[in-house]
2 protein chains.
Amino acid sequence: MSNIRDVAQLAGVSVATVSRALQQPDLVSLKTRTKVLSAVKQLGYKPNLMAVRFRSGKTRNLVVLVPTVANVFFARVISGMQQAAHDKGYSLLLCNTLADEAMEQSYARMVHTSQADGLIQLRAHNPFAQLEMKTGSVLPMVNACEVLDRIACPTVLLDNRSAACAMTEHLLQLGHKRIAMIKGPARSPLTRDRVAGYRDALDAAGVAFDESLLYPGDFTLQSGHKAATELLALAKPPTAVFCENDEMAIGAIQGIKQAGLSVPGDVSVAGFDDISFAAFSDPPLTTIAQPAEEFGSTAVSLLIDLLDGRLGKAPKVILPFDLIQRDSTGPAPAGSG
Amino acid sequence: MSNIRDVAQLAGVSVATVSRALQQPDLVSLKTRTKVLSAVKQLGYKPNLMAVRFRSGKTRNLVVLVPTVANVFFARVISGMQQAAHDKGYSLLLCNTLADEAMEQSYARMVHTSQADGLIQLRAHNPFAQLEMKTGSVLPMVNACEVLDRIACPTVLLDNRSAACAMTEHLLQLGHKRIAMIKGPARSPLTRDRVAGYRDALDAAGVAFDESLLYPGDFTLQSGHKAATELLALAKPPTAVFCENDEMAIGAIQGIKQAGLSVPGDVSVAGFDDISFAAFSDPPLTTIAQPAEEFGSTAVSLLIDLLDGRLGKAPKVILPFDLIQRDSTGPAPAGSG
DNA sequence: TATATTAATGTAACCGATATCATTTATAAG
DNA sequence: CTTATAAATGATATCGGTTACATTAATATA
């Protein structure tokens with residue numbers, strides 16, 4: 001690997017001139033610039049970015065904490081992040097946390113050890129307040145998809161409450177009265193918002209809220225299956241199930257079918273996210289579409305703005321949702337409710 | 001951010017001693033070590049890894065080129081890579097290539113600009129021979145999931161030919177004679193191997209190969225749907241469809257159902273990969289399970305071994321597969337063939 | 001032509017750690 | 001109590017760029 005000194009020597013100029021010829025060509029005479037560029041080409045010189053970044057103190061790396069890349073929705077978000085990061089000259093250091101806090105902390109520390117400039121997290125259960133206390137320094141962080149309550153932090157999110165409300169209204173309009181919700185972990189703000197939207201719609205329609213219809217899942221296909229199976233075993237089972245993501249909805253559909261019931265004939269099912277599989281389930285899934293890639297690109301933009309000091313006070317960017325009506329939701333069975 | 005000089009000053013020793021106290025404690029007296037560690041703790045000192053890596057010339061970053069992270073199988077592979085990389089002190093720079101060669105080249109160049117030590121690619125259509133020629137230097141690279149023909153390169157892969165043969169045999173044993181295959185892009189070595197396995201089984205069973213039953217897809221749900229629809233429109237449609245991945249199989253199932261046929265009553269469908277959705281399709285999908293996470297971890301191990309000069313001549317690691325029989329494959333309809 | 005001003009280039013410090021080599025201090029052997 | 005040997009520590013060059021400052025060359029102004 002040739003370095004800037006080799007280039008300088010070959011071009012017969014100083015290293016400073018080489019650096020300027022490449023970084024601020026205006027400061028170098030045409031004649032010299034030509035000589036330098038010719039030497040660069042001849043040697044196949046590529047600046048050592050490790051050195052550049054060490055000198056500048058900017059790594060141009062961003063840590064991304066993802067609960068699980070196996071989640072199709074997150075995969076799309078990551079895709080959007082990667083594209084945006086690349087466009088702006090940044091790279092992503094991906095961490096699949098798998099709910100392992102030690103792993104999260106370990107990656108978050110990369111910002112303090114100059115391996116990354118900032119951090120993006122999706123679905124933040126555990127804020128890094130603790131870590132920040134300990135190190136005393138601030139961690140440039142952006143949150144995507146889920147709002148962090150305890151920390152003022154730039155965030156890009158959906159109006160989850162309104163979206164959940166809209167879907168619940170859709171089910172109410174179809175005549176459903178017993179609408180179950182397969183939600184996420186109880187402590188998650190995301191779940192809290194969506195449950196709130198669900199209750200908003202019930203309240204507005206004068207339908208009593210029934211705690212037993214609220215079932216906690218963990219966003220996996222399996223948990224959707226289990227939840228639906230148990231909900232159907234209730235004394236007064238639901239005629240509609242609203243799931244907090246599409247994976248659980250697809251799992252729920254299988255559970256309902258295995259119980260000998262039809263979707264949406266006996267039970268309607270709605271999802272959230274509009275992953276690619278949603279349109280290919282049987283029946284195709286009614287769901288809330290989120291601009292997943294845009295979540296990613298917006299999060300990256302926010303973080304870079306934050307790093308460049310171009311950001312005011314922790315903005316919250318709200319992206320639009322879209323209720324996609326397919327065949328998994330239909331009129332409530334006659335005589336129900 | 002405090003640096004090693006701050007620590008040295010506070011501890012009343014030289015920077016060299018601080019460095020040794022942290023890197024090679026045996027070379028430092030207990031008394032001095034204690035002083036240093038105390039100063040480290042008091043200042044919250046964390047070594048600047050940017051500096052360490054610049055000095056050492058090792059970035060401890062690995063570039064990962066993924067055709068698309070939206071593919072569930074690849075997501076699992078990445079998960080395995082991330083885990084293994086973290087365990088060994090490496091980070092992953094993820095690139096979602098989306099079949100964009102410019103993007104691939106751009107990320108591959110990161111190795112030449114000292115942003116990464118090596119590269120892992122999945123499904124390599126375009127070898128970097130060209131890039132290597134141009135730069136003259138070798139690119140430490142490992143290939144996963146798909147073998148690269150033109151370059152001798154450490155690889156971790158499945159015996160795709162045997163796996164495809166096994167699945168085809170499974171269908172033959174069920175009495176199917178007209179077995180279609182929804183394959184990937186024609187130029188892919190992966191597809192070539194799997195088609196070869198498919199033909200091996202047909203030949204062994206004395207079933208004539210029919211070119212019209214070989215349909216090229218692109219690994220998406222949509223392409224599986226389209227392929228199945230068109231295959232069923234043939235004068236002599238297949239009674240079984242073997243898809244090169246589960247997404248296409250799930251798409252195919254939908255296409256078959258929409259044509260008014262049942263799976264597996266009229267047409268059996270088999271997939272490849274055993275993604276999480278496979279067990280939740282309707283009917284649950286018969287497929288080939290691959291140790292996806294192990295692909296990832298093995299690829300990372302191979303690359304690190306390669307970087308450390310611990311590798312002989314481009315080994316090919318072959319991981320085992322498992323035929324998972326579910327309900328999407330059944331006996332050929334009576335009177336077929 | 002002399003002088004002021006600007007453009008072009010060079011010199012060298014610097015970023016933060018590591019590691020070589022030199023030097024001092026502690027221990028062992030005679 | 002020396003002297004030889006080992007252990008502990010310090011001073012400093014180094015990695016490859018960038019950049020502040022110094023210096024020289026070129027042009028403009030009087």
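Note on naming: letters A, B, ... go to the chains in the order of the sequence lines (proteins, then strands), and numbering restarts at 1 for each one.
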A/Val77 to A/Leu122 - nearest heavy-atom pair and separation:
CG1-CD2, 4.1 Å

Does some side-chain heavy atom of A/Leu303 sit less than 4.5 Å from a side-chain heavy atom of A/Leu62?
yes

Could you pick out which residue, A/Val18 or B/Thr17, lies toward the 5' side of DNA chain D when each is mapped onto its nearest nucleotide?
B/Thr17

In residues 50-59 of chain B, what residues come within less than 4.0 Å of DNA chain C, judged by heavy atoms?
B/Ala51, B/Val52, B/Phe54, B/Arg55

Euclidean distance, atom CZ of residue A/Arg20 to atom P of D/dT19 [Å, nearest integer]:
11 Å

Just wondering, do A/Glu294 and A/Ser297 contact through their side chains at under 4.5 Å, heavy atoms?
yes

Counting neighbours of CD on B/Gln9 that are heavy atoms of other residues, nucleotides or ligands and sit closer than 6.0 Å, is the number greater than 12?
no

5′-ward residue of the pair B/Arg5/A/Lys31 relative to DNA chain C:
A/Lys31

Using the ring of each side chain (for Trp, its six-membered ring), is B/Tyr107 parallel, tilted or perpendicular to A/His86, with breaks at 30° and 60°?
parallel

Once you round it to whole Å, what is the distance between P of D/dT18 and CG of A/Leu27?
13 Å

Separation of A/Leu22 atom CG from D/dG17 atom C1', in whole Å?
11 Å

CD-OG1 distance between B/Glu104 and B/Thr97, expressed to the nearest 0.5 angstrom
4.5 Å

Would you say that B/Phe54 contacts A/Arg55 through its side chain, given a criterion of any heavy-atom pair below 4.5 Å between the two side chains?
no

Side-chain heavy-atom pair B/Glu146, B/Leu157 within 4.5 angstrom cut-off:
no

d(CD1, B/Ile4; P, D/dG10) in whole Å:
12 Å

Answer yes or no on whether A/Arg123 is positioned over the face of A/Phe74, meaning its NZ or CZ is under 6.0 Å from the six-membered ring centre and within 45° of the axis.
no

Would you confirm whether A/Arg33, through its side chain, and A/Val28, through its main-chain N or O, come within 3.5 Å as a donor-acceptor pair?
yes

Contact boundaries on DNA chain C for chain A, cut-off under 4.0 Å to non-hydrogen atoms
C/dA8 to C/dG16

Just checking, any donor-acceptor pair under 3.5 angstrom between side chains of A/Ser301 and A/Thr298?
no

Can you measure B/Gln9 atom CD to D/dG10 atom P for me and round it to whole angstrom units?
13 Å

Considering the terminal five base pairs at each end of the helix from C/dT1-D/dA30 to C/dG30-D/dC1, what angle separates the two local helix axes, rounded to 10°?
50°

What does B/Asp6 touch in the nucleic acid at a heavy-atom separation under 4.0 angstrom: a base, only the sugar-phosphate, or nothing?
nothing

